Amino acid sequence: MKLYVKDFDLKQSITSGQFFRYEFKNDYYYIILKDRIVKIKQIDDYIIVDSNNMRNIKETVESFFSLDIDYNKINDILINKDNSIKDIIRASIGYKIQRMDPFETVISYIISANNSVNNIRNCVNKISNKYGKKILFENNYYYLFPTKEELKNITLEELIEMKLGFRAKYVKIIIDKINSNEFDLDIINKMSSKEALSYLMKENGIGLKVASCILLFSYSRYDVYPIDIWVKKIMKERFNIEKEKDIKEYMENKYKDYSGLVIQYLFNYKRNIQ
DNA sequence: GGGCAGGTCTAAG
DNA sequence: CTTAGACCTGCC
């Protein structure tokens, strides 16, 4: 299927480092979504899409890449506000935040704590390969990220064997809590971003940064901004702002509802472009 | 072989 | 409320 897309940069979006489950093969990105494998490449203002399940494929792809959100409009607002990061916003034109599945994001980002990207990806893949649904697509097998039900019986020992290290216990506990409804991923939709942050941060293994990633990446809360080492680096370098407290103040005073998107632009610039 | 990687917890002031 | 240390593991 061929789909017209405006101001979209597939490569920049998918390789930005937010989403762990994709591979690049023969010109195409193979993306493992919640319920299917999507094969996708971009040619100018079009994307070519194939999948093992073409039902609602347009909506699925548009939703995943946030194509329903008018980034041009937001970028104009940000640049008009002040032009101190105009070049950084410009450098990220076409970059879209990917709307990830909440359950997958919670687990993946708990694993991300003080970890390397390669290690995180390995852990997520090991969990998926053992417990996720097996999908045959183009003569290859792929494994979806498991549902909460599929992970119901995973043990702490298995998670340790999968090299989650000290994060294994956090993952085990949150899976149990989600399955017993002691922790509810749906209720977050009804909360303000501030409420949702403290709700998430009550859980062991979820601090401010991970909670912010969850809200920004899987609940489209653009007013929530994960501060990580890349953001800290560029804030120091460019504005001589070093303390986390001061970065928070800067974001909340200046960019408010779009702090999360601005943070992603800063992150993307420092990690992937500069 | 020590240090570090997309942080968080804990214990202490 | 702020801050130093420890923490699984793999890779350099």
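This structure is a prediction, so every number in the text was calculated from the model and none was measured.
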Exercise. Side chain to side chain donor-acceptor pair (under 3.5 Å) between A:R221 and A:S193: does it pass, once the steps are laid out?
Worked result: CA-CA 7 Å; A:R221 299 296 179 94; A:S193 295; 3.2 Å; yes
Exercise. Between the side chains of A:Y131 and A:E158, does any donor sit under 3.5 Å from an acceptor?
Worked result: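 Short answer, yes.
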Exercise. In terms of side-chain heavy atoms, does A:D82 have a donor or acceptor partner in A:S84 at a distance below 3.5 Å?
Worked result: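 There is such a pair (donor and acceptor under 3.5 Å, judged by atom type) between the side chains of A:D82 and A:S84.
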Exercise. Where do A:V38 and A:I57 land on the side chain to side chain contact (heavy atoms under 4.5 Å, CB included) test, with the steps shown first?
Worked result: CA-CA 9 Å; A:V38 172; A:I57 189 71; 4.1 Å; yes
Seminar exercise, completed: Walking DNA chain C from its 5' end, the first of A:K169 and A:N118 to be reached, judged by nearest nucleotide, is A:K169
Taking atom [atom2] of [N] as reference, at what distance in whole Å does atom [atom1] of [X] sit?
| X | N | atom1 | atom2 | answer |
| --- | --- | --- | --- | --- |
| A:K202 | B:dT8 | NZ | P | 17 Å |
| A:I174 | B:dT8 | CD1 | P | 13 Å |
| A:E244 | C:dT3 | CD | C1' | 13 Å |
| A:I214 | B:dG7 | CD1 | P | 14 Å |
| A:F166 | C:dA6 | CZ | P | 14 Å |
| A:R167 | C:dG10 | CZ | P | 11 Å |
| A:L164 | C:dG10 | CG | P | 11 Å |
| A:N114 | C:dG5 | CG | P | 16 Å |

Side chain of [X], heavy atoms from C-beta onward: which of [options] has the nearest atom to it?
| X | options | result |
| --- | --- | --- |
| A:S116 | C:dT9, B:dC9, B:dA5 | B:dA5 |
| A:K209 | C:dC8, C:dT9, B:dT8 | B:dT8 |
| A:N204 | B:dC9, C:dT9, B:dG7 | B:dC9 |
| A:N119 | B:dC9, C:dC8, C:dG10 | C:dG10 |

For this session: Look at the side-chain N and O atoms of A:N115 and state whether any lies under 4.0 Å from the OP1 or OP2 oxygen of C:dG10.
Result: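 The answer is no; no side-chain N or O of A:N115 sits under 4.0 Å from OP1 or OP2.
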Exercise. Between A:G205 and A:D228, which is nearer to the 5' end of DNA chain B once each is assigned its nearest nucleotide?
Worked result: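 Counting from the 5' end, the first nearest nucleotide belongs to A:D228.
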Seminar exercise, completed: Contacts of A:Y170 and A:F267 projected onto DNA chain B by closest heavy atom; the upstream (5') one is A:F267
Seminar exercise, completed: On a heavy-atom basis, the closest approach of A:Y199 and A:E182 is OH-O, 4.3 Å
Taking any heavy-atom pair under 4.0 Å as a contact, classify [X]: base, sugar-phosphate, or nothing.
| X | answer |
| --- | --- |
| A:L208 | sugar-phosphate |
| A:V210 | sugar-phosphate |
| A:Q18 | base |
| A:G165 | base |

Problem set entry | Under 3.5 Å on both distances, the Watson-Crick or G-U partner of B:dG2 | C:dC12
Exercise. Should the ring pair A:F217 and A:Y109 be called parallel, tilted or perpendicular, given that the plane angle runs from 0 to 90° and is split at 30 and 60?
Worked result: tilted
Exercise. Can you tell me how far C1' in B:dC9 sits from the matching atom in C:dG10, rounded to whole Å?
Worked result: 22 Å
